[in-house]
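Have a look at the structure below, then the notes.
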Amino acid sequence: MKRFIIGYVAMAIPDLTNFLIFARVVAAGSISAGARELDMPKSTVSRRLTDLEQQQGVRLLHRGTRGLRLTDIGRAFLAHCETLVEAAEAAQQVTQLVQETPRGDIHLSSPFALSQSMLRELLPEFMRRYPEVRVHLLVTNRPVNLIEEGIDVALRVRSSIDDSSLIARPLADAPSTLFAAPSLLAGRSDLHPLDLIHLPQLSLHYTSGRYRYEFTHRSGEQLSLSYRPRLITDDMFVLLESAIAGHGVVALPNYIAADAVKQGHLQLALPDWRLPMGIMHMVYPYRRGLLPAVRVLIDFLAEQMPLAAKRSLLIDTPSI
């Protein structure tokens with residue numbers, strides 16, 4: 001370990017390579033897997049980890065037959081090592097700004113509905129444009145923690161983004177509408193929300209357990225209606241197919257139901273009433289200097305998501 005003098009105080013410069021190796025091994029889950037990712041002999045990686053623990057004077061890892069387990073101090077130490085890794089990767093990609101060739105890994109999170117509708121169309125085009133970028137797509141309906149889970153960009157549909165620590169860019173409106181199969185409505189186009197009491201309902205899962213429609217009429221009249229769903233699921237496409245089969249009325253984003261409406265499989269149940277408006281957002285953590293690969297993904301989604309939303313929103317919904 002080298003030393004240098006600042007004023008009259010001698011400071012030790014730690015071997016940052018060991019810090020980076022520690023972070024990579026923990027992320028890989030084992031010394032063997034970490035050694036393969038680092039392209040280093042397993043014995044060298046193991047010795048480096050031992051050296052690091054000796055330098056720090058504490059045990060950072062428990063090594064057993066079932067793999068690695070962080071100690072409490074190791075877990076806290078890891079957070080700082082991950083910061084070093086991120087800084088090193090950012091420094092390494094500075095040259096890419098000159099080369100203008102984005103490359104490397106990016107982590108994108110999306111709810112199922114957006115992934116199965118818009119991203120399946122857009123991501124292949126993004127990958128064609130940037131062949132040296134590797135995309136890790138996490139598809140989940142739960143709200144991910146971008147920092148803790150290492151997500152670079154997340155897509156969300158919300159009326160607003162409450163987390164002030166994130167950069168949130170609205171992309172497009174995402175109106176939801178009440179749909180049903182023509183056979184279920186028996187040709188009626190003059191339904192009132194109270195008529196829904198006599199029809200089966202389908203719904204997304206709400207952790208609150210409260211299932212309620214909040215309607216606004218063209219005239220400005222508002223009405224709240226509780227209901228008990230016949231089918232509850234997190235999969236909007238299951239809801240879509242169940243509605244097409246005539247099993248119930250369902251509130252869906254227009255971009256999910258648009259094709260079914262055009263083909264005559266579904267119709268608007270209450271054309272004069274509107275549900276609360278959702279907004280597609282793209283969120284990402286505030287960082288000084290985004291990596292080039294992340295920057296081009298953000299720019300691509302900001303350009304293409306509104307266009308994809310516009311193509312799918314061909315349903316004439318009430319304007320209030």
Side-chain angles (χ1 to χ4, degrees), residues 110-122 139-143 155-159 171-185 188-189 191-193 195-197 199-218 223-281 305-306 308-320:
S110 169
F112 282 95
L114 288 181
S115 174
Q116 295 174 17
S117 57
M118 297 187 186
L119 288 187
R120 72 176 184 176
E121 169 192 348
L122 297 180
V139 182
T140 176
N141 286 338
R142 65 177 177 82
L155 296 175
R156 294 176 178 173
V157 180
R158 301 281 192 279
S159 57
L171 298 174
D173 289 342
S176 289
T177 306
L178 213 60
F179 299 99
S183 60
L184 184 67
L185 299 181
R188 291 189 59 182
S189 59
L191 289 180
H192 186 274
D195 294 325
L196 298 176
I197 297 173
L199 295 173
Q201 308 296 314
L202 315 172
S203 179
L204 285 172
H205 176 260
Y206 295 105
T207 55
S208 66
R210 297 181 61 192
Y211 294 88
R212 181 185 300 273
Y213 295 127
E214 301 290 343
F215 292 113
T216 303
H217 191 263
R218 288 182 184 272
L223 186 148
S224 179
L225 180 69
S226 296
Y227 63 97
R228 185 178 181 182
R230 180 185 179 190
L231 171 65
I232 302 172
T233 177
D234 285 333
D235 192 326
M236 288 188 182
F237 285 88
V238 170
L239 293 175
L240 175 68
E241 293 301 324
S242 297
I244 291 173
H247 295 312
V249 180
V250 66
L252 288 173
N254 289 7
Y255 59 83
I256 295 293
D259 285 342
V261 172
K262 295 175 197 173
Q263 296 166 13
H265 300 315
L266 291 178
Q267 68 180 63
L268 277 65
L270 298 170
D272 292 332
W273 296 80
R274 191 184 73 177
L275 295 170
M277 176 69 72
I279 301 175
M280 293 183 203
H281 287 84
M305 287 290 287
K310 186 176 181 180
R311 288 194 295 271
S312 64
L313 299 183
L314 299 181
I315 300 173
D316 183 17
T317 52
S319 176
I320 299 173

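When reading the values below, keep in mind they use all heavy atoms of this one structure, side chains included, and skip hydrogens, waters and symmetry mates.
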(request) Kindly compute the distance separating CG (D272) from CZ (R274), expressed to the nearest 0.5 Å. (result) 13.0 Å
(request) Please tell me if the side chains of L223 and H217 come closer than 4.5 Å, counting only heavy atoms from C-beta onward. (result) no
(request) Report yes if some heavy atom in the side chain of L204 is under 4.5 Å from a heavy atom in the side chain of M236; otherwise report no. (result) yes
(request) Output all residues satisfying side chain to side chain contact (heavy atoms under 4.5 Å, CB included) with I232, sequence neighbours left out; order by chain, then residue number. (result) H205, Y211, P229
(message) Any heavy-atom pair between the side chains of L155 and L171 that's under 4.5 Å?
(response) yes
(request) Quick one: do L119 and V139 satisfy side chain to side chain contact (heavy atoms under 4.5 Å, CB included)? Show the steps, please. (result) CA-CA 11 Å; L119 288 187; V139 182; over 6 Å; no
(message) Within this structure, what is the NE2-CG distance for the pair H247 and L202, rounded to the nearest 0.5 Å?
(response) 8.5 Å
(request) Write down the atom of L275, the atom of S176, and the distance for their closest heavy-atom approach. (result) CB-O, 3.7 Å
(message) If I take atom CG from residue L178 and atom CG from residue L268, how far apart are they, to the nearest 0.5 angstrom?
(response) 8.5 Å
(request) State, to 0.1 Å, how close M280 and A174 come at their nearest heavy-atom pair, and which atoms those are. (result) CG-CB, 4.1 Å
(request) Taking all heavy atoms of G246 and all of L184, pick out the closest pair and write down the distance. (result) O-CD1, 3.8 Å
(message) Per the side chain to side chain donor-acceptor pair (under 3.5 Å) rule, what does the pair list look like for residues 223-239, sequence neighbours excluded?
(response) S203-Y227, R212-S224, R212-S226, E214-S224
(message) Measuring from atom CD1 of I256 to atom OG1 of T177, what distance do you get when rounded to the nearest 0.5 angstrom?
(response) 12.0 Å
(request) Report the C-alpha distance between V249 and F179 in whole Å, list the side-chain angles of each, state the deciding distance to 0.1 Å, and finish with yes or no for side chain to side chain contact (heavy atoms under 4.5 Å, CB included). (result) CA-CA 6 Å; V249 180; F179 299 99; over 6 Å; no
(message) Go through it in stages, so that I can follow the logic: the residues are L196 and F215, the test is side chain to side chain contact (heavy atoms under 4.5 Å, CB included), and I'd like the CA-CA distance, side-chain angles, deciding distance and then a yes or no.
(response) CA-CA 12 Å; L196 298 176; F215 292 113; 3.8 Å; yes
(request) State, to 0.1 Å, how close A181 and L266 come at their nearest heavy-atom pair, and which atoms those are. (result) N-CD2, 3.7 Å
(message) Taking the side chain as everything from C-beta on, heavy atoms only, tell me whether W273 gets closer than 4.5 Å to P193.
(response) yes
(message) Using every non-hydrogen atom in the two residues, find where G264 and P182 come nearest and quote the distance to one decimal.
(response) O-CG, 3.7 Å
(message) Distance check, rounded to the nearest 0.5 Å: H265 atom NE2 versus S183 atom OG?
(response) 12.0 Å
(message) Looking at every non-hydrogen atom in both residues, tell me the closest pair between A260 and I244 and how far apart they are.
(response) CB-CD1, 3.9 Å
(request) Please round to the nearest 0.5 Å and tell me the distance separating atom CG of L270 and atom CG of D195. (result) 8.0 Å
(request) Go through the steps for L231 and L239 under the test side chain to side chain contact (heavy atoms under 4.5 Å, CB included), then give the verdict. (result) CA-CA 8 Å; L231 171 65; L239 293 175; 4.1 Å; yes
(message) If you define the side chain from C-beta out and look only at heavy atoms, does anything of V157 sit under 4.5 Å from Y255?
(response) yes
(message) Please enumerate all residues that pass salt bridge (charged side-chain N to carboxylate O under 4.0 Å, His left out) together with E121, with sequence neighbours excluded.
(response) R311
